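Single-structure report; data block below.
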Amino acid sequence: MRMGLVSENEQDWVSDIAGYLGAPGPALRLLISVLMAYPFAMIHRAFLYRKSPILQHLFFIGAGSYMGYFNYGDSIIHAYICIFVHWIVVWTCQGSLLSTVCLFIFQMGYLLGEYYLTETAMYDIKWTIPHCVLSLRLIGQAIDVFDGTQREEKLSKGQRETALRTLPTFLEISGHVFYPGSFMIGPQFSLRRYVDFVKGEFSPIGELPASLRAGLKRLLIGLFYVGIYQLGSLVVNNDFITSHNYQSLPFWQRMCVVGLYGKVMLYKYVSCWIVSEGACIVGGIAYNGKTTDGEDQWDGCENINISVFERAYKFGHLISSFNKCTNHWVAENVYKRLKFVGNRYISQFAALLFLAGKLHSLGHPVSLWTFFFCRNP
């Protein structure tokens, strides 16, 4: 078995292209995988939209599994293990509070164990990236199943919108996890949205989602940001920031350079999220109702608000515009669930601690405290 690796032939052609472009091989492989979601979305639109839900689930499971295997080889087995355990517990315990807590602990523990066993001194693109997305998705499913057992009046508006009144099937659980437009790097969305999409509720009967133009536009914007990142990282990168040339610059110049460096480094996330969002729009799952003018909105899977992000002049702007879907998930499933504590600072710190565990920051307490105090100046 080749755990976490790809075949030699596959590695050769990706590495050859990466070397020609001056890009890291794993990063290029990830970008290729994200782009695969577009032909998969087109195939679904052409042949499977509004067809048998079982066929749609199987298609999404197969497509997402291929994307994962293309990147990380046999390490895809970890996704299957976590999905199977999740399904067994959900159907055995019928959404009880104890089962929800146990699944939360299991999924978090599995992910943190992966981080510990695979951690290196560098930021590596490895199978823990999609597994982080997967664990959030499965924890969210467990919470939504629990909410489905509660009385309507006990739930908030957001909880009522995502609560699952019937137990999800194994194919629904798996299809939601492996949906090609979001399996590799997100965005996060609820199982309720996925099920409604599979039922064809996001477009008039007999019509395909009118989302193709909006999705391809998002793709072009994402590729534009890929280009900015690639060019920018040739000028300001880790090697330059740690070099003598940088240290010899006047203080004000170093501050300008480090600001530019931070912006360029964020573009690697921004670009991939926009490309991934475009695939969700093309597929139709990003539908978010209509505007006051009656136009369809396709921002249901928006993970980055470009306008706010580019014009940000305070930390609050960055927080509200960056990684929006994950922030919303944490707000609904961690922060608001701690309302009974009666202290918003404790709730905020707990939410940040959760994010720290999910995003590798437990080993960097300075980052955690900096973010907390920037959020609460």
Side-chain angles (χ1 to χ4, degrees), residues 37 41 44 53 56-57 60-61 64 79 82-83 86-87 89-91 94-95 97 99-100 103-104 107-108 130-150 152 154-203 209 211 273 276-277 279-281 283-289 297-304 323-337 351 354-355 358:
H44 177 261
Q56 294 185 65
H57 297 321
F60 294 142
I61 294 168
C82 288
I83 290 172
H86 174 86
W87 172 66
V89 173
V90 166
W91 275 83
Q94 304 283 303
L97 177 60
S99 68
T100 304
L103 284 172
F104 184 99
Q107 301 295 353
M108 278 295 295
H131 202 92
C132 177
V133 178
L134 173 146
S135 58
L136 277 182
R137 197 154 291 177
L138 291 178
I139 291 172
Q141 287 183 12
I143 294 173
D144 293 340
V145 171
F146 169 75
D147 286 343
T149 65
Q150 306 301 299
E152 285 281 333
K154 292 184 63 176
L155 303 178
S156 67
K157 179 183 177 183
Q159 292 166 359
R160 287 194 295 270
E161 290 175 352
T162 59
L164 300 170
R165 295 298 177 183
T166 58
L167 293 179
T169 67
F170 180 78
L171 290 180
E172 287 174 338
I173 291 170
S174 303
H176 178 220
V177 167
F178 283 113
Y179 182 76
S182 63
F183 171 61
M184 297 301 298
I185 57 172
Q188 291 293 339
F189 51 82
S190 68
L191 178 55
R192 182 81 169 267
R193 170 179 286 274
Y194 172 78
V195 171
D196 289 345
F197 165 68
V198 168
K199 292 179 179 177
E201 296 184 5
F202 291 167
S203 64
S211 59
W273 285 339
S276 185
E277 179 196 344
C280 291
I281 295 174
I285 200 169
Y287 180 75
N288 198 29
Q297 295 186 106
W298 296 104
D299 58 355
C301 295
E302 184 182 70
N303 215 17
I304 178 78
N323 207 3
K324 289 174 57 180
C325 294
T326 301
N327 290 342
H328 176 76
W329 190 101
V330 174
E332 291 293 329
N333 294 306
V334 180
Y335 178 75
K336 292 182 180 179
R337 304 278 172 173
F354 177 82
L355 279 175
K358 302 297 288 184

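All heavy atoms count here, side chains included; hydrogens, waters and symmetry mates do not. It should be emphasised that the depicted structure is a prediction, and the values quoted were computed from it without experimental measurement.
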Kindly say whether Val334 contributes a backbone atom to a donor-acceptor pair with the side chain of Trp329 at under 3.5 angstrom?
-> no
Please state whether the rings of Tyr287 and Trp298 are parallel, tilted or perpendicular, taking 30° and 60° as the class boundaries.
-> perpendicular
Report yes if some heavy atom in the side chain of Leu138 is under 4.5 Å from a heavy atom in the side chain of Leu103; otherwise report no.
-> no
Find the distance between OG (Ser203) and CZ (Phe197) and round it off to the nearest 0.5 Å.
-> 9.0 Å
Which atom names give the shortest non-hydrogen contact between Asn288 and Gly300, and what distance separates them?
-> CB-N, 3.6 Å
Which atoms form the tightest heavy-atom contact between Ser276 and Gly181, and what is the distance?
-> OG-O, 2.6 Å
Closest non-hydrogen contact found for Phe60 with Pro180 is CD2-CD, 3.6 Å
Mind checking whether Tyr179 and Phe189 have parallel, tilted or perpendicular rings, split at 30° and 60°?
-> perpendicular
Shortest non-hydrogen contact from Ile83 to Phe170?
-> CG2-CE1, 4.0 Å
Considering only heavy atoms from C-beta outward, does the side chain of Thr149 approach that of Leu97 to under 4.5 Å?
-> no
Is there side-chain contact between Val177 and Gln141, with heavy atoms separated by less than 4.5 Å?
-> yes
Any donor and acceptor pair, going by atom type alone, linking the side chain of Arg192 with main-chain N or O of Ala163 inside 3.5 Å?
-> yes
Side-chain contact, heavy-atom cut-off 4.5 Å: Val133 with Ser182?
-> no
Gly283 versus Pro209, closest heavy-atom pair with distance = O-CG, 4.1 Å
Hey, what do you get for CZ (Phe104) to OG (Ser135), rounding to the nearest 0.5 Å?
-> 9.5 Å
Roughly how far, to the nearest 0.5 Å, is CD of Gln150 from CZ of Arg160?
-> 13.0 Å
Side-chain heavy atoms of Phe354 within contact of Leu136, under 4.5 Å = yes
side-chain contact (heavy atoms from CB on, under 4.5 Å) test vs Thr162 passes for just one of Leu191, Asp144, Asn333, Ile143, namely Asp144
Nearest non-hydrogen partners of Val90 and Pro168, listed with the distance | CG1-CD, 4.4 Å
Could you walk me through whether His57 and Ser174 pass side chain to side chain contact (heavy atoms under 4.5 Å, CB included), step by step?
-> CA-CA 8 Å; His57 297 321; Ser174 303; over 6 Å; no
Salt bridge or not for Glu302 and Lys324, using N-O below 4.0 Å?
-> yes
When rounded to the nearest 0.5 angstrom, what distance separates CD in Gln159 from OG in Ser156?
-> 3.5 Å
Is any side-chain heavy atom of Arg137 less than 4.5 Å from a side-chain heavy atom of His176?
-> yes
Please round to the nearest 0.5 Å and tell me the distance separating atom CD of Gln188 and atom CG of Asn303.
-> 8.5 Å
Value rounded to 0.5 Å, distance of CZ in Phe146 from CG in Leu155 | 9.0 Å
Do we see a donor-acceptor contact under 3.5 Å between the side chains of His44 and Gln56?
-> yes
